[in-house]
Number of protein chains: 2
Amino acid sequence: MAQAKSELFKEELSVTARYFKALAHPARVQILQFLAKSKSCITGDISDELPLGRTTVNQHIKELKKIGLITGHIEGVKTKYCLDPKGVTELKKVLQLFIEELDVKDYCCD
Amino acid sequence: MAQAKSELFKEELSVTARYFKALAHPARVQILQFLAKSKSCITGDISDELPLGRTTVNQHIKELKKIGLITGHIEGVKTKYCLDPKGVTELKKVLQLFIEELDVKDYCCD
DNA sequence: AATATTTGACGTATATTTGCGTCAAATAAA
DNA sequence: TTTATTTGACGCAAATATACGTCAAATATT
């Protein structure tokens, strides 16, 4: 009985909320920022960077993949994780729009 | 055994993720945007605007209050809901910083 | 005073998230 | 070929989130 109502909202709202949800955990924020800061793809265990077990980190990575923010190509034994520039650009666009819509400049409380 | 590890992350990451989490539902995004678009406080049942029951909407409002994005003063029988400019400004700052850190311009995948 | 409206608090049921252990497939190294 | 490494898939248990019904307190209305 919980949730299943999300599709009753306008598509744009759902898209925005879905991105927010994908980033609603510090591990996922950190993974994204780690990849961004490295300025390149990462081969090796990303879980070394986080205070969580490998399996758990993998699950967060999976979620970020699912929403299209990162990709992972197999490279021999290791996997190469990259930001997905397309998804990231889309995310930034959505966030930017959200920020602009939340204009509070001439907000008056009578 | 689930979660309780969030405090193992750096405070800034947690703050960012907490904001994302607060917006991780279309209802909450819509409530914020509704208040922003009205350019003023709203007296009356916000749940009229959403495809959800009143109790449920109230719960989402409560979460937005908890994180400091909206306020609600009692005004006679009704309650006046407002954006909290301070919280909103802080949110926008956090989001803006997140976007900037996610620079993908000179991201190279070798 | 009695009644109606409005809204938060509380409880409940279901769904999802989180965190992790274990296992199996795939490749590298011996 | 045997033995490590690496990583995704699967499943489990606990915690949270979601959605809502019901109730009670507070203020208006009659």
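Chain identifiers are assigned alphabetically (A, B, ...) following the order of the sequence lines, protein sequences preceding nucleic acid strands; residue numbering begins at 1 within each chain. Every heavy atom of this structure was used, including side-chain atoms; hydrogens, water molecules and symmetry mates were not.
- The separation between A/K21 atom NZ and C/dT18 atom P is 9 Å, rounded to whole Å.
- Nearest heavy-atom pair, B/A22 versus B/I67, reported as atom, atom and distance to 0.1 Å: CB-CD1, 3.5 Å.
- Not counting sequence neighbours, the partners of A/S47 by the side chain to side chain donor-acceptor pair (under 3.5 Å) test are A/D45.
- Between the CG atom of B/L52 and the C1' atom of C/dT14 there is a distance of 16 Å, rounded to whole Å.
- Rounded to whole angstrom, the span from the NE2 atom of B/H25 across to the P atom of C/dA15 amounts to 15 Å.
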Are there any protein N/O atoms within less than 3.5 Å of an N/O atom in nucleotides 1-10 of chain C, and if so, which ones and at what distance?
unit_1: C/dT7; atom_1: OP1; unit_2: B/T79; atom_2: N; d: 3.2
unit_1: C/dG8; atom_1: OP1; unit_2: B/Y81; atom_2: OH; d: 2.8
unit_1: C/dG8; atom_1: OP2; unit_2: B/N58; atom_2: OD1; d: 2.9
unit_1: C/dG8; atom_1: OP2; unit_2: B/N58; atom_2: ND2; d: 2.6
unit_1: C/dG8; atom_1: OP2; unit_2: B/Y81; atom_2: OH; d: 3.2
unit_1: C/dG8; atom_1: N7; unit_2: B/R54; atom_2: NH1; d: 3.4
unit_1: C/dG8; atom_1: O6; unit_2: B/R54; atom_2: NH2; d: 3.0

I'd like a table of donor-acceptor pairs (distance under 3.5 Å, sequence neighbours excluded) in which one partner is a side-chain atom from residues 8-17 of chain A, with atom names and distances.
unit_1: A/S14; atom_1: OG; unit_2: A/S6; atom_2: O; d: 3.4
unit_1: A/T16; atom_1: OG1; unit_2: A/E12; atom_2: O; d: 2.9

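- Checking B/K66 against B/P51, the closest nucleotide of DNA chain D that is more toward the 5' end is the one next to B/K66.
- Whole-Å rounding puts the A/I74 CD1 to D/dT5 C1' distance at 15 Å.
- Taking atom CG of A/L64 as the reference point, atom P of C/dT18 lies 11 Å away to the nearest angstrom.
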Please set out all donor-acceptor pairs under 3.5 angstrom arising from side-chain atoms of residues 87-102 of chain A, sequence neighbours excluded.
unit_1: A/T89; atom_1: OG1; unit_2: A/P85; atom_2: O; d: 2.6
unit_1: A/K92; atom_1: NZ; unit_2: B/L102; atom_2: O; d: 3.1
unit_1: A/E101; atom_1: OE1; unit_2: B/Q33; atom_2: NE2; d: 2.7

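- Atom CZ in A/F20 sits roughly 17 Å away from atom P in D/dA17 (whole-Å rounding).
- One interatomic measurement links the two molecules: CD of B/E63 to C1' of D/dA19, which rounds to 12 Å at whole-angstrom precision.
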Can you give each donor-acceptor pair under 3.5 Å made by side-chain atoms of residues 49-61 of chain A, sequence neighbours left out, with the distance rounded to 0.1 Å?
unit_1: A/H60; atom_1: ND1; unit_2: A/R28; atom_2: NH1; d: 2.9

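- Applying the salt bridge (Lys or Arg N to Asp or Glu O under 4.0 Å) criterion to B/D103, with sequence neighbours excluded, gives B/K105.
- One atom, NE2 of B/H73, and another, P of D/dT27, lie 16 Å apart when rounded to the nearest Å.
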